[in-house]
Amino acid sequence: MPERDFFLQNVQNIARSLLGMQFVRIDGNGQRLSGRIVETEAYAGKHDPASHSHRGKTPRNAVMFKPGGHLYVYFTYGMHYCCNVVTGPEGEGEAVLIRALEPLEGLDIMIRQRYKKVAITPQQFKNLTNGPAKLCAAMGIDKNMNGMDLLTGECRIEAGIVIPDKDVIAASRIGIRQGADLLWRYYIRGNEWVSKRGEE
DNA sequence: CGTGAGATTTCCT
DNA sequence: GGAAATCTCACGT
(Lines give C-alpha, C1' and ligand atoms only; values in the text may rest on other atoms or scores of the structure.)
Protein backbone atom coordinates (compact mmCIF):
# COMPACT_ATOMS: atom_id res chain seq x y z
CA MET A 1 0.00 0.00 0.00
CA PRO A 2 1.47 3.39 -1.01
CA GLU A 3 2.78 5.83 1.63
CA ARG A 4 1.75 9.47 1.92
CA ASP A 5 4.61 10.58 -0.35
CA PHE A 6 3.09 8.66 -3.27
CA PHE A 7 0.02 10.90 -3.15
CA LEU A 8 2.04 14.13 -3.05
CA GLN A 9 3.45 13.70 -6.57
CA ASN A 10 2.36 15.48 -9.70
CA VAL A 11 -1.32 14.66 -10.40
CA GLN A 12 -0.70 13.32 -13.92
CA ASN A 13 2.01 10.93 -12.66
CA ILE A 14 -0.35 9.58 -10.03
CA ALA A 15 -3.23 9.16 -12.47
CA ARG A 16 -0.97 7.08 -14.70
CA SER A 17 0.62 5.14 -11.79
CA LEU A 18 -2.77 4.14 -10.36
CA LEU A 19 -3.48 2.03 -13.47
CA GLY A 20 -3.09 -1.62 -12.45
CA MET A 21 -3.33 -0.90 -8.71
CA GLN A 22 -6.29 -2.11 -6.65
CA PHE A 23 -9.00 0.08 -5.17
CA VAL A 24 -10.18 -1.68 -2.01
CA ARG A 25 -13.03 -1.14 0.42
CA ILE A 26 -13.71 -3.08 3.60
CA ASP A 27 -17.46 -2.86 4.15
CA GLY A 28 -19.40 -2.76 7.42
CA ASN A 29 -19.32 -6.55 7.67
CA GLY A 30 -15.56 -6.76 7.12
CA GLN A 31 -15.98 -7.99 3.55
CA ARG A 32 -13.37 -6.99 0.99
CA LEU A 33 -14.68 -5.32 -2.15
CA SER A 34 -12.00 -4.58 -4.71
CA GLY A 35 -11.24 -3.82 -8.33
CA ARG A 36 -8.25 -3.13 -10.52
CA ILE A 37 -8.04 0.52 -11.59
CA VAL A 38 -8.18 0.53 -15.39
CA GLU A 39 -9.15 4.16 -16.19
CA THR A 40 -8.40 7.51 -14.47
CA GLU A 41 -8.50 11.24 -15.14
CA ALA A 42 -6.23 13.93 -13.69
CA TYR A 43 -7.78 17.20 -12.48
CA ALA A 44 -5.31 19.92 -11.53
CA GLY A 45 -5.85 22.99 -9.36
CA LYS A 46 -6.72 26.58 -10.20
CA HIS A 47 -5.08 26.53 -13.65
CA ASP A 48 -7.23 23.62 -14.91
CA PRO A 49 -10.54 25.05 -16.17
CA ALA A 50 -12.23 21.62 -16.00
CA SER A 51 -11.41 21.04 -12.33
CA HIS A 52 -13.98 21.54 -9.57
CA SER A 53 -11.24 23.42 -7.68
CA HIS A 54 -10.66 25.89 -10.53
CA ARG A 55 -12.70 28.70 -8.93
CA GLY A 56 -11.53 28.13 -5.38
CA LYS A 57 -12.86 26.34 -2.32
CA THR A 58 -16.62 25.76 -1.83
CA PRO A 59 -18.43 23.45 0.63
CA ARG A 60 -18.71 20.83 -2.13
CA ASN A 61 -15.05 20.69 -3.18
CA ALA A 62 -13.34 21.49 0.15
CA VAL A 63 -11.88 17.99 0.45
CA MET A 64 -9.91 18.51 -2.78
CA PHE A 65 -7.75 21.02 -0.88
CA LYS A 66 -6.68 18.47 1.75
CA PRO A 67 -3.24 16.81 1.47
CA GLY A 68 -2.91 13.98 -1.06
CA GLY A 69 -4.25 10.57 -0.05
CA HIS A 70 -7.78 11.57 0.93
CA LEU A 71 -10.98 10.48 -0.82
CA TYR A 72 -13.07 13.20 -2.53
CA VAL A 73 -16.63 12.02 -3.22
CA TYR A 74 -18.98 14.37 -5.07
CA PHE A 75 -22.64 14.18 -6.01
CA THR A 76 -23.46 15.06 -9.62
CA TYR A 77 -26.34 15.34 -12.08
CA GLY A 78 -28.67 15.18 -9.10
CA MET A 79 -28.29 11.39 -9.09
CA HIS A 80 -24.80 9.97 -8.88
CA TYR A 81 -21.66 9.85 -6.74
CA CYS A 82 -18.14 9.82 -8.19
CA CYS A 83 -14.92 9.31 -6.28
CA ASN A 84 -11.46 10.81 -6.57
CA VAL A 85 -8.07 10.39 -4.93
CA VAL A 86 -6.83 13.79 -3.71
CA THR A 87 -3.21 14.44 -4.74
CA GLY A 88 -0.47 16.99 -4.09
CA PRO A 89 0.28 19.11 -1.02
CA GLU A 90 -2.48 20.65 1.09
CA GLY A 91 -4.15 23.62 -0.61
CA GLU A 92 -3.39 22.61 -4.23
CA GLY A 93 -6.85 21.29 -5.05
CA GLU A 94 -5.70 18.42 -7.27
CA ALA A 95 -7.35 15.00 -7.62
CA VAL A 96 -7.57 11.88 -9.78
CA LEU A 97 -11.04 10.70 -10.80
CA ILE A 98 -11.37 6.90 -10.70
CA ARG A 99 -13.36 6.22 -13.88
CA ALA A 100 -13.44 2.43 -14.18
CA LEU A 101 -12.54 -0.78 -12.34
CA GLU A 102 -12.11 -4.40 -13.31
CA PRO A 103 -13.94 -6.16 -10.43
CA LEU A 104 -11.79 -8.60 -8.43
CA GLU A 105 -13.21 -9.38 -4.96
CA GLY A 106 -16.71 -9.26 -3.44
CA LEU A 107 -18.52 -9.49 -6.78
CA ASP A 108 -21.77 -10.77 -5.26
CA ILE A 109 -21.93 -7.83 -2.85
CA MET A 110 -21.11 -5.33 -5.58
CA ILE A 111 -23.85 -6.75 -7.80
CA ARG A 112 -26.38 -6.51 -4.96
CA GLN A 113 -25.44 -2.92 -4.10
CA ARG A 114 -25.62 -1.75 -7.69
CA TYR A 115 -28.68 -3.66 -8.95
CA LYS A 116 -30.57 -4.50 -5.70
CA LYS A 117 -30.81 -8.11 -6.84
CA VAL A 118 -28.66 -11.23 -7.18
CA ALA A 119 -29.33 -12.51 -10.69
CA ILE A 120 -28.21 -10.23 -13.52
CA THR A 121 -27.73 -10.48 -17.28
CA PRO A 122 -24.30 -10.59 -18.96
CA GLN A 123 -24.93 -7.02 -20.19
CA GLN A 124 -25.57 -5.87 -16.63
CA PHE A 125 -22.36 -7.56 -15.48
CA LYS A 126 -20.43 -5.66 -18.15
CA ASN A 127 -21.90 -2.43 -16.75
CA LEU A 128 -21.03 -3.22 -13.11
CA THR A 129 -18.00 -0.90 -12.74
CA ASN A 130 -17.22 0.57 -16.21
CA GLY A 131 -17.95 4.20 -15.28
CA PRO A 132 -17.29 6.57 -12.36
CA ALA A 133 -20.83 6.57 -10.91
CA LYS A 134 -21.31 2.85 -11.61
CA LEU A 135 -18.25 1.81 -9.61
CA CYS A 136 -19.31 4.02 -6.68
CA ALA A 137 -22.70 2.33 -6.57
CA ALA A 138 -21.09 -1.12 -6.71
CA MET A 139 -18.51 -0.31 -4.03
CA GLY A 140 -21.13 1.36 -1.82
CA ILE A 141 -19.40 4.75 -1.84
CA ASP A 142 -21.46 7.83 -1.02
CA LYS A 143 -21.08 11.21 0.70
CA ASN A 144 -20.43 9.53 4.06
CA MET A 145 -17.00 8.53 2.74
CA ASN A 146 -16.09 12.03 1.54
CA GLY A 147 -12.84 13.20 3.17
CA MET A 148 -11.71 9.75 4.32
CA ASP A 149 -7.95 9.16 4.61
CA LEU A 150 -6.90 6.32 2.29
CA LEU A 151 -3.92 5.51 4.52
CA THR A 152 -5.98 4.63 7.59
CA GLY A 153 -9.59 4.14 6.56
CA GLU A 154 -11.77 1.30 5.40
CA CYS A 155 -11.05 2.45 1.86
CA ARG A 156 -7.56 2.19 0.40
CA ILE A 157 -5.22 1.67 -2.55
CA GLU A 158 -3.12 -1.50 -2.76
CA ALA A 159 -0.33 -2.51 -5.11
CA GLY A 160 -1.43 -4.55 -8.12
CA ILE A 161 0.03 -5.35 -11.51
CA VAL A 162 2.47 -3.07 -13.36
CA ILE A 163 1.20 -1.67 -16.65
CA PRO A 164 4.04 -0.96 -19.17
CA ASP A 165 4.01 2.40 -20.95
CA LYS A 166 3.16 0.77 -24.27
CA ASP A 167 -0.19 -0.34 -22.81
CA VAL A 168 -1.18 3.06 -21.40
CA ILE A 169 -3.31 5.28 -23.62
CA ALA A 170 -3.58 9.04 -22.88
CA ALA A 171 -6.76 10.66 -24.19
CA SER A 172 -9.04 13.66 -23.74
CA ARG A 173 -11.11 13.72 -20.55
CA ILE A 174 -14.79 12.80 -20.84
CA GLY A 175 -17.81 15.01 -20.21
CA ILE A 176 -15.98 18.33 -20.06
CA ARG A 177 -15.78 21.29 -22.45
CA GLN A 178 -13.02 23.44 -20.98
CA GLY A 179 -9.60 21.81 -21.15
CA ALA A 180 -10.63 19.19 -23.70
CA ASP A 181 -7.29 19.63 -25.49
CA LEU A 182 -5.38 18.18 -22.52
CA LEU A 183 -4.74 14.43 -22.68
CA TRP A 184 -5.22 13.78 -18.98
CA ARG A 185 -7.35 10.66 -19.19
CA TYR A 186 -5.39 7.42 -18.90
CA TYR A 187 -6.56 3.88 -19.54
CA ILE A 188 -5.25 0.37 -20.12
CA ARG A 189 -5.09 -0.61 -23.78
CA GLY A 190 -7.62 -3.26 -24.70
CA ASN A 191 -9.15 -3.58 -21.23
CA GLU A 192 -12.81 -4.62 -21.38
CA TRP A 193 -13.83 -2.53 -18.36
CA VAL A 194 -12.76 0.88 -19.68
CA SER A 195 -15.81 3.17 -20.05
CA LYS A 196 -15.03 4.45 -23.56
CA ARG A 197 -12.20 3.08 -25.66
CA GLY A 198 -10.61 4.71 -28.65
CA GLU A 199 -8.04 3.37 -31.11
CA GLU A 200 -6.06 0.48 -29.76
C1' DC B 1 -27.13 -1.79 -31.39
C1' DG B 2 -28.06 3.44 -31.59
C1' DT B 3 -30.55 7.45 -30.13
C1' DG B 4 -32.88 10.65 -26.99
C1' DA B 5 -35.30 12.11 -22.84
C1' DG B 6 -35.33 12.31 -17.88
C1' DA B 7 -33.66 12.34 -13.09
C1' DT B 8 -32.60 16.67 -10.08
C1' DT B 9 -27.88 19.06 -6.74
C1' DT B 10 -24.38 22.47 -6.71
C1' DC B 11 -22.50 26.40 -8.32
C1' DC B 12 -21.90 30.18 -11.64
C1' DT B 13 -23.84 34.03 -14.56
C1' DG C 1 -31.71 30.24 -15.58
C1' DG C 2 -28.78 26.49 -17.02
C1' DA C 3 -24.75 23.56 -17.42
C1' DA C 4 -22.32 19.87 -15.22
C1' DA C 5 -16.08 15.04 -14.19
C1' DT C 6 -23.52 10.51 -15.46
C1' DC C 7 -26.46 6.74 -16.16
C1' DT C 8 -30.94 4.28 -17.27
C1' DC C 9 -34.74 3.20 -19.78
C1' DA C 10 -37.83 3.10 -23.75
C1' DC C 11 -38.18 2.67 -28.37
C1' DG C 12 -36.64 1.98 -33.26
C1' DT C 13 -33.38 -0.68 -36.23
Side-chain angles (χ1 to χ4, degrees), chain A residues 7 10-12 14-16 18-19 23 35 37-66 68 70-88 92-103 110-117 119-148 150 155 169-188 192-198:
Chain A
F7 296 106
N10 165 292
V11 65
Q12 292 87 358
I14 298 175
R16 187 260 176 260
L18 284 173
L19 295 179
F23 186 53
I37 298 171
V38 300
E39 179 182 357
T40 61
E41 282 176 1
Y43 286 89
K46 59 187 172 197
H47 298 301
D48 179 0
S51 176
H52 286 174
S53 59
H54 177 230
R55 299 167 205 273
K57 195 186 275 194
T58 67
R60 180 208 207 191
N61 68 18
V63 169
M64 280 188 88
F65 293 86
K66 286 192 173 204
H70 289 82
L71 196 67
Y72 166 47
V73 181
Y74 68 88
F75 188 60
T76 194
Y77 291 101
M79 299 273 305
H80 305 294
Y81 292 101
C82 297
C83 79
N84 300 246
V85 175
V86 176
T87 70
E92 289 298 305
E94 300 184 334
V96 175
L97 173 68
I98 309 294
R99 281 198 59 89
L101 297 176
E102 175 178 337
M110 288 199 247
I111 289 167
R112 201 163 58 232
Q113 292 185 148
R114 179 147 153 60
Y115 296 110
K116 315 294 179 208
K117 59 182 181 180
I120 57 170
T121 66
Q123 289 88 337
Q124 287 176 314
F125 184 63
K126 218 179 69 178
N127 283 314
L128 185 60
T129 54
N130 66 341
K134 299 176 189 179
L135 71 89
C136 278
M139 298 283 279
I141 293 172
D142 62 21
K143 63 184 174 206
N144 293 325
M145 310 195 64
N146 189 32
M148 183 167 284
L150 290 165
C155 203
I169 298 180
S172 180
R173 293 173 291 180
I174 291 181
I176 57 159
R177 312 187 73 155
Q178 307 266 353
D181 53 319
L182 301 169
L183 304 182
W184 287 357
R185 169 174 174 247
Y186 305 90
Y187 64 95
I188 301 176
E192 295 297 319
W193 296 91
V194 170
S195 64
K196 257 188 198 166
R197 305 195 328 230

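Convention: sequence-line order gives letters A, B, ...; per-chain numbering from 1.
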Item to check | Donor-acceptor side-chain pairing of A:N130 and A:K134 below 3.5 angstrom | outcome: yes
Item to check | Between C:dA5 and B:dT3 - C1' atom distance, rounded Å | outcome: 23 Å
Checklist entry - Which is it for A:E192 and A:R197 under the salt bridge (Lys or Arg N to Asp or Glu O under 4.0 Å) test, yes or no, and what are the steps along the way? => result CA-CA 9 Å; A:E192 295 297 319; A:R197 305 195 328 230; 3.7 Å; yes
Item to check | salt bridge (charged side-chain N to carboxylate O under 4.0 Å, His left out) partners of residues 47-58 of chain A, not counting sequence neighbours, each pair once | outcome: A:D48-A:R173
Next on the checklist: Determine whether a donor-acceptor pair (N or O, by modelled atom type, separation under 3.5 Å) exists between the side chain of A:D142 and the backbone of A:N144.
Outcome noted: yes
Checklist entry - Within the structure shown, what part of the strands sits under 4.0 Å from A:N127 by heavy-atom distance: base, sugar-phosphate, or nothing? => result nothing
Checklist entry - So A:Y186 and A:L18, side chain to side chain contact (heavy atoms under 4.5 Å, CB included) or not? Walk me through it. => result CA-CA 10 Å; A:Y186 305 90; A:L18 284 173; over 6 Å; no
Item to check | Pair pattern of DNA chain B in dot-bracket, where unpaired bases get dots and | marks partners in another strand, Watson-Crick or G-U under 3.5 angstrom | outcome: |||||||.||||.
Next on the checklist: Heavy atoms only, 4.0 Å cut-off, all strands: where does A:R185 land among base, sugar-phosphate and nothing?
Outcome noted: nothing
Item to check | Outermost DNA chain C nucleotides near chain A [under 4.0 Å, heavy atoms] | outcome: C:dA4 to C:dT8
Next on the checklist: Using a heavy-atom cut-off of 4.0 Å across all strands, would you classify A:L97 as base, sugar-phosphate, or nothing?
Outcome noted: base
Checklist entry - Okay, side chain of A:R114, backbone of A:L128: is any donor-acceptor separation there less than 3.5 Å? => result yes
Item to check | Partner residues of A:F125 under the ring-ring contact (aromatic ring centres under 6.0 Å, His included) criterion, sequence neighbours left out | outcome: A:W193
Item to check | A:R60/A:Y72 under side chain to side chain contact (heavy atoms under 4.5 Å, CB included): CA gap, chis, key distance, verdict | outcome: CA-CA 9 Å; A:R60 180 208 207 191; A:Y72 166 47; 4.2 Å; yes
Next on the checklist: Would you compute the distance between atom SG of A:C136 and atom CZ of A:F75 and round it to the nearest 0.5 angstrom?
Outcome noted: 11.5 Å
Checklist entry - Quick check: does any side chain N or O of A:Y115 sit under 3.5 Å from a backbone N or O of A:Q124, one acting as donor and the other as acceptor? => result yes
Item to check | Contact summary for A:V73 and A:N146, nearest pair of heavy atoms | outcome: N-OD1, 2.9 Å
Checklist entry - Going by number, which of residues 133-148 of chain A have a non-hydrogen atom under 4.0 Å from DNA chain C? => result A:A133, A:K134
Next on the checklist: Here's a test of your reading of the structure: between A:G175 and A:Y115, which maps to the more 5' nucleotide of DNA chain C?
Outcome noted: A:G175
Item to check | Heavy-atom pair with the smallest gap, counting every atom of A:G56 and A:F65 | outcome: C-CZ, 3.9 Å
Checklist entry - Quick one: what's the B/S/- string for nucleotides 5-13 of chain B, heavy-atom cutoff under 4.0 Å, read 5' to 3'? => result --BBSSSSS
Item to check | Student check: side-chain heavy atoms of A:Y81 and A:M145 closer than 4.5 Å | outcome: no
